Amino acid sequence: MSQERFYITTAIAYPNGAPHIGHGYELIATDAIARFMRLDGRDVLFLTGSDEHGQKMQQTAEREGISPRQLAERNTARFREMGPALNASNDDYIRTSEERHYKTCAALWEKMVATGDIYLDKYAGWYSVRDEAYYDASELTKGADGNYTAPSGTPVEWVEEESYFFRLSRYQDKLLELYERVPNFISPETRRNEVMSFVKGGLKDLSVSRTTFDWGIPVPGDPKHIMYVWVDALTNYVTATGWPDETHPRAKFWPADVHIIGKDIVRFHTVYWPAFLMSAGLPLPKRVFCHGFLFNKGEKMSKSVGNVIDPFALASHYGIDPVRYFFLREVPFGQDGSYSPEAIVQRMNADLANDLGNLAQRSLSMIAKNLGGELPQPGPLGDEDKAMLAEADGLIAMAREAMSDFALHQMLSRIWAVIAEANRYFAGNEPWALRKSNPERFGTVLWVTAEVLRQVAILTQPVMPTACGKLLDILGVPVDKRSFAELGGGARIVGGSTLPAPVAIFPRYVEAETE
RNA sequence: GGCACCGUAGCUCAGCGGUAGAGCAGGGGAAUCAUAAUCCCUUGGUCGGCGGUUCAAAUCCGUCCGGUGCUACCA
């Protein structure tokens, strides 16, 4: 019996600076999905990485007097460190400057050539020498002297450069057919609408090589050209599976199940990428999911405004798990979201410390103090107990349903609804009064509560791996009994076992005194 | 300019043809096992404006206003 596979990727980051919270958000969300699938029994490949070539890297390196490779080396290190800093469980970290990627890109290029989709022509456009960039005619303004200038105010001239082109125009119908045949190929739907209207508007062939700089992957047979951004960058997803080596241990992972990307790069992933793959005769990824942007108190983050949030600082200040929980619970996945210190503290205290943390603490410390730490065996279950358990048992099905569209926020909201119900159950049964009046009932209420906590903790592991691990520790759940196979009522927490001393899992956040 | 989406309680949003909902915030009460956490009750909305379809519209249609995204043009 072969295990079901799941291949998920983030976009690869351009390490022309330091990682910001947008990179962190994408990594956290993708990681949570990857962890979910692993716990649900899939054989997962989770890939992230960096896109290190290109003119900007080369320019920045020149400015700093180092080689592009040295710059990539230095900046990529910081992006890599973000993995551990946010507790990401990626199986690989790919860099487009790696040898393996050069091989795969060359192979993909040759396939496209063989199909007849690559041809040599001239790339013509308005070029600003000072900016070292091309501008579209629509971006230009006409000066008093009749000459055109770029948005930056610099003069532009008409330049023609030899370039290889990809016959994107051939793929218009095939792409539209794809979007119709696989309606969730692009989600959320609003992104799908945009892409479809763009493709319906007609596709022009794509310039896919450059000769004006050399920090990139050489075009096979014509090394004065390097592959221009999209062929190079997108192909990383295939590289990681070892293609074209069909005996590679990871060959089985292509096609990817989902690419998680930001909404700014939708077109490249849903138009260019599938067209390249069709041309090369490779299977297409099953889905592309676009998340939104994060705003700082409703304002766009930008370096010039100085409101950019550093993911490292955020995680070290509030803790990795609370930060992960906050972004995944607060922001409907696929929509834009907003960050503020007040909002994160609100979530930490209300959802984590009060609702979940305190429920665990009050019930487990009751077991520790009154029962010598021995988890009670339940007596006969009443309707109320059964209803409570049924809610917990129903969680896994609801979670899978939500996750079929990567609705992490929805999954969390449903889990927290059960936690709220457990608080009602606990308060309604008043175990502190039952302690003397009805010891058997006392034990039953505590057992049911512990069982609900067990299922909640197992299911929330993808979002808060460390904290949920600790919670499962103090619930006495063995490490090999923490997968989703243990959910839904088929397995129960074992009464009669001795639990470790309870410790607070989610401390209340109190703002440090600012003298 | 075109296309799409959105505008519902102070805030974030769900509902998408059948008597206005959730969470948080605000107000009152209960309890005291617990990280002063929890539980119960409660204030609060002409569902952006106007017009239409319908026995019935937040929900469908038209139009206007406001916002967002994609795209085009003014060469």
Side-chain angles (χ1 to χ4, degrees), chain A residues 126 135-143 146-148 156 158 186-204 262-268 270-271 290 292-293 295 297-298 300 322 326 329-340 342-371 402 407 409-410 412-417 419-437 442 445-446 449 453 467 471 474 502-510:
Chain A
W126 293 101
Y135 291 97
D136 191 82
S138 68
E139 297 177 273
L140 306 176
T141 43
K142 196 170 188 172
N147 292 323
Y148 294 104
V156 294
W158 186 257
I186 308 167
S187 34
E189 203 167 350
T190 171
R191 302 274 97 85
R192 176 174 182 258
N193 294 344
E194 285 174 10
V195 171
M196 284 183 77
S197 88
F198 172 77
V199 174
K200 280 178 184 161
L203 295 175
K204 285 188 287 190
K263 61 181 185 180
D264 51 331
I265 50 177
V266 185
R267 185 190 301 171
F268 314 116
T270 60
V271 181
C290 316
F293 291 155
F295 296 89
K297 295 177 188 169
K300 191 171 178 177
F326 171 75
R329 174 64 186 85
E330 184 86 0
V331 182
F333 197 49
Q335 293 181 34
D336 290 342
S338 197
Y339 161 86
S340 72
E342 295 76 18
I344 190 170
V345 169
Q346 170 67 35
R347 285 291 176 193
M348 282 180 74
N349 287 345
D351 295 8
L352 300 183
N354 298 352
D355 290 349
L356 177 54
N358 184 56
L359 178 64
Q361 185 67 18
R362 68 200 300 209
S363 54
L364 293 178
S365 72
M366 217 172 252
I367 292 169
K369 286 179 189 166
N370 300 292
L371 301 170
H409 61 293
Q410 220 170 71
L412 289 171
S413 131
R414 285 166 173 179
I415 294 171
W416 256 257
I419 293 169
E421 185 55 37
N423 269 313
R424 280 187 285 276
Y425 169 85
F426 197 85
N429 280 286
E430 303 186 4
W432 53 91
L434 293 171
R435 180 161 60 94
K436 285 180 180 157
S437 66
F442 177 62
V445 170
L446 288 173
T449 304
L453 286 170
L471 180 51
I474 60 173
V503 290
I505 307 291
F506 300 105
R508 235 187 121 65
Y509 180 86
V510 183

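All values reported here derive from a predicted model rather than from experimental measurement. Worth knowing before you read on, the calculation uses all heavy atoms, side chains too, and leaves out hydrogens, waters and symmetry mates. Chain identifiers are assigned alphabetically (A, B, ...) following the order of the sequence lines, protein sequences preceding nucleic acid strands; residue numbering begins at 1 within each chain.
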Closest approach of A:G292 to A:D336 (non-hydrogen atoms, all atoms of both residues): CA-OD1, 3.3 Å
Distance-only donor-acceptor test, A:N354 side-chain atoms vs B:A37 base atoms, 3.5 Å: no
Separation of B:U35 P from A:N423 CG (nearest whole Å): 14 Å
A:F426 or A:I419, whichever maps to the more 5' nucleotide of RNA chain B: A:F426
Candidate nucleotides B:C24, B:G69, B:C39, ranked by approach to the side chain of A:R424 - the nearest: B:C39
Separation of the C1' atoms in B:C64 and B:U54, to the nearest angstrom: 23 Å
Of the listed nucleotides B:C13, B:U35, B:A25, the one nearest the side chain of A:F506: B:U35
Please tabulate, one pair per line, each protein N/O and nucleotide N/O from nucleotides 2-8 of chain B that are separated by under 3.5 Å, including the distance.
unit_1 : atom_1 : unit_2 : atom_2 : d
B:A4   : O2'    : A:N193 : ND2    : 3.4

Sugar-phosphate only, base, or nothing, as touched by A:G201 at under 4.0 Å among non-hydrogen atoms: nothing
Residue A:N358, side-chain heavy atoms: nucleotide from B:U35, B:C39, B:A34 that is nearest: B:A34
Closest nucleotide among B:A31, B:U35, B:G69 to the A:R191 side chain: B:G69
Of the listed nucleotides B:U38, B:A14, B:U32, the one nearest the side chain of A:R362: B:U38
Touch class at under 4.0 angstrom, heavy-atom based, for A:Q361 against every strand present: base
Given B:U38, B:C33, B:A25, the nucleotide with the shortest approach to the side chain of A:A427: B:U38
Contact summary for A:R424 and A:A417, nearest pair of heavy atoms: NH2-O, 4.3 Å
Side chain of A:W432 - closest among B:U32, B:A37, B:A34: B:U32
Given RNA chain B, 5'-ward residue of the pair A:D355 and A:P507, judged by closest heavy atom: A:P507
Result of checking A:V331, A:L352, A:V345, A:I344 against A:F326 for side-chain contact (heavy atoms from CB on, under 4.5 Å): A:I344
Residues forming a ring pair (Phe, Tyr, Trp, His ring centres under 6.0 Å) with A:F198, sequence neighbours excluded: none
Sugar-phosphate only, base, or nothing, as touched by A:A353 at under 4.0 Å among non-hydrogen atoms: base
Using atom names, set out every protein N or O paired with an N or O of nucleotides 66-68 of chain B below 3.5 Å, distance rounded to 0.1 Å.
none

Heavy-atom closest pair, residues A:F506 and A:A467: CE2-CB, 3.4 Å
Partner nucleotide of B:C5 by Watson-Crick or wobble geometry (both distances under 3.5 Å): B:G67
Touch class at under 4.0 angstrom, heavy-atom based, for A:L359 against every strand present: nothing
